[in-house]
Amino acid sequence: DLLYSTEMAKPGRKDKKAADGGTSAQPPSSGRPQKSTKGGAGGERSGGSHQTSQSSRSKASRPPVGTSVLFSSLCPTGDSLVSLAGVHHNASSIVHPEVLKLGLKIADGVIAGGVARCIGLLVALQAVIADYETPRDAELSRDLGQFIKPQIQFIVSCRPLNASMSNAINWLKHVIGGMDPALSDSEARASLIRSIDDYIKERIESSISAIAAFVASEIKDGDVVATYGYSTSVMRGISEAVDVHKTFSVIVIDAAPHFEGRRTSNLCLQLGLSVRYVLLPTANTVLSEANMLLVGCSALFCNGTLISRA
């Protein structure tokens with residue numbers, strides 16, 4: 001480098017400052033226009049830096065390793081459960097603590113099933129109503145509905161509502177809108193809490209009891225009953241059939257990701273029944289042995305169509 005710099009510093013040579021502050025030599029000018037050489041060392045360096053900047057931008061736009069953008073909203077776990085509390089920028093002051101606990105349990109799968117989620121929602125809303133105070137110059141029948149709205153939005157952000165939860169919320173809004181304005185806050189809150197208790201007993205628990213009684217009456221001695229996953233009504237019907245000393249066996253069909261059929265199998269074993277546990281891909285090998293199929297149902301449409309989770 002020293003010899004090169006000395007040689008290029010002879011008279012007739014012109015020096016030019018490089019971009020990096022060093023000294024670079026230029027060939028003597030012959031009066032002819034200089035042709036730019038494509039693919040030279042400088043071109044390679046500039047092209048390489050351009051490619052590097054493009055690759056750095058593409059890497060910055062990529063999601064972190066181990067994350068999936070497409071399925072990021074399904075089954076949140078770990079830190080994402082805690083981040084659900086920040087769906088509203090100040091969630092701690094908007095979402096009631098009981099609703100916050102319920103939402104995280106639903107998102108984590110601790111509370112699963114249509115009946116359990118619906119009852120859990122109604123019980124949480126009872127706590128919300130008990131702690132509610134009507135603002136000055138406002139009516140409970142109008143303001144309470146707006147106060148409950150962010151609670152429901154948080155539950156939806158944890159997991160979408162099922163049919164029974166949507167029906168319960170619509171019913172509660174109707175009851176709140178029809179409250180007598182002459183009632184005091186304490187009387188109105190007590191009336192709403194009693195109404196929710198009556199709803200749970202009459203529309204949920206009574207329905208399950210009626211379905212379970214029908215299921216128990218249909219099971220005969222020697223039957224082979226097949227069921228899928230876990231259903232509160234089906235399990236209670238099997239339990240009532242055992243209570244009247246009927247002898248039968250159960251085939252439990254299960255599938256990922258939650259494997260709720262394991263709960264059904266354990267409960268049937270505790271009742272003293274003979275249980276066969278199979279996964280869904282092999283169900284066709286045992287279904288021919290069953291003479292009764294009991295599958296849980298989440299909702300019944302007005303045209304008779306049934307709906308249940310897969």
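Numbering of residues begins at 1 and proceeds along the displayed sequence.
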Excluding sequence neighbours, so at least two apart, what forms side-chain contact (heavy atoms from CB on, under 4.5 Å) with Asp223?
Ile219, Lys220, Val225, Phe248, Asn291, Met292
Any donor-acceptor N or O pair under 3.5 Å, side chains Ser233, Ser231:
no
How many angstroms lie between OG1 in Thr264 and CE in Met235, if you round to the nearest 0.5 Å?
6.5 Å
Between Thr134 and Glu139, is a side chain to side chain contact (heavy atoms under 4.5 Å, CB included) present by the stated rule, with each step listed?
CA-CA 7 Å; Thr134 306; Glu139 293 184 6; 5.9 Å; no
Lys105 vs Cys158 side-chain heavy atoms within contact, under 4.5 Å:
no
Measure the shortest side-chain to side-chain distance between Asp185 and Leu140 over non-hydrogen atoms and say whether it is less than 4.5 angstrom.
yes
Taking atom CG of Asp137 as the centre, report whether more than 12 heavy atoms of other residues, nucleotides or ligands fall under 6.0 Å from it.
no
For the side chain of Asp180 and the backbone of Leu183, is there at least one donor-acceptor N/O pair under 3.5 Å apart?
no
Quick one: do Arg263 and Glu260 make a salt bridge, cutoff under 4.0 Å?
no
Heavy-atom count check: over 12 atoms from other residues, nucleotides or ligands less than 6.0 Å from Phe259 CZ?
yes
Can Val295 be reached from Val234 by stepping across I, L, V, M, F, W or Y side chains whose heavy atoms are under 4.5 Å apart?
no
Find out whether Val252 and Val250 are in side-chain contact, i.e. whether some heavy atom of one side chain is under 4.5 Å from a heavy atom of the other.
yes
What are the two closest non-hydrogen atoms of Leu271 and Ser239, and how far apart are they?
CD1-CA, 3.9 Å
Quick check: closest heavy atoms across Cys118 and Ala168, and the distance to 0.1 Å?
SG-CB, 4.0 Å
CD1/Ile176 to OG/Ser141 distance, rounded to the nearest 0.5 angstrom?
9.5 Å
Partner set under side-chain contact (heavy atoms from CB on, under 4.5 Å) for Ser249, not counting sequence neighbours
Val224, Ser274
Strictly distance-based, threshold 3.5 Å: is any side-chain N or O of Ser191 a donor or acceptor partner for the main-chain N or O of Glu187?
no
Side-chain donor/acceptor of Thr282 to backbone N/O of Val278, under 3.5 Å:
no
If I compare all heavy atoms of Pro150 with all of Ile94, which pair ends up nearest, and what's the gap?
CB-CG2, 3.3 Å
Give me the atom names and distance for the closest heavy-atom approach of Ala127 to Glu98.
CB-CG, 3.7 Å
Walk me through it: do Leu280 and Asp254 pass the test side chain to side chain contact (heavy atoms under 4.5 Å, CB included)?
CA-CA 6 Å; Leu280 186 59; Asp254 205 3; over 6 Å; no
Contact check, side chains of Ile155 and Val99, non-hydrogen atoms, under 4.5 Å
yes
Does Gln151 use its side chain to pair, donor to acceptor, with the backbone of His96 at less than 3.5 Å?
yes
Do Val215 and Glu240 come close enough that some side-chain heavy atom pair is under 4.5 Å?
no
Taking side chain as C-beta onward, heavy atoms only, is Leu287 less than 4.5 Å from Ile253?
yes
Hey, could you give me the CD1/CG distance between Ile251 and Leu294, rounded to the nearest 0.5 Å?
11.5 Å
Identify the two heavy atoms, one from Thr232 and one from Ile208, that lie closest to each other, and give their separation to 0.1 Å.
CG2-CD1, 4.2 Å
Of all residues at least two apart in sequence or in a different chain, which pass the side-chain contact (heavy atoms from CB on, under 4.5 Å) check with Ala163?
Ala299
Quick one: pull up CD1 in Ile193 and CD in Gln126 and give me the separation to the nearest 0.5 Å.
6.0 Å
Ile238 with Leu269, same ILVMFWY side-chain cluster at under 4.5 Å
yes
Just grab all the salt bridge (Lys or Arg N to Asp or Glu O under 4.0 Å) pairs involving residues 272-281, residues at least two apart or on different chains.
Arg276-Glu289
Give me the atom names and distance for the closest heavy-atom approach of Tyr228 to Ala255.
OH-CB, 3.6 Å
Show your working on side chain to side chain contact (heavy atoms under 4.5 Å, CB included) between Leu102 and Leu121 and close with a plain yes or no.
CA-CA 7 Å; Leu102 173 67; Leu121 174 63; 4.2 Å; yes
Output a table of donor-acceptor pairs, distance under 3.5 Å, between side-chain atoms of residues 198-206 and any protein atom two or more places apart or on a different chain; print 'none' if there are none.
unit_1: Ser206; atom_1: OG; unit_2: Lys201; atom_2: O; d: 2.7

Would you say Ile196 and Trp171 make side-chain contact, with heavy atoms under 4.5 Å?
yes
Taking ring pair (Phe, Tyr, Trp, His ring centres under 6.0 Å) as the cut-off, I'd like each qualifying pair that reaches into residues 125-144, sequence neighbours left out, listed once.
Tyr132-Phe147
Here the gap from Ile148 atom CD1 to Ile129 atom CD1, rounded to the nearest 0.5 Å, amounts to 5.0 Å
Are Phe214 and Leu300 joined in one hydrophobic group, where the rule is that I, L, V, M, F, W and Y side chains link up if heavy atoms are under 4.5 Å apart?
no
Is there a path from Leu306 to Met165 through hydrophobic residues (I, L, V, M, F, W, Y) whose side chains come within less than 4.5 Å of each other?
no
Is there a side-chain contact between Leu125 and Ile152, using heavy atoms and a 4.5 Å cut-off?
yes
Quick check on Lys173: does its NZ atom have over 12 non-hydrogen neighbours (other residues, nucleotides or ligands) under 6.0 Å away?
no
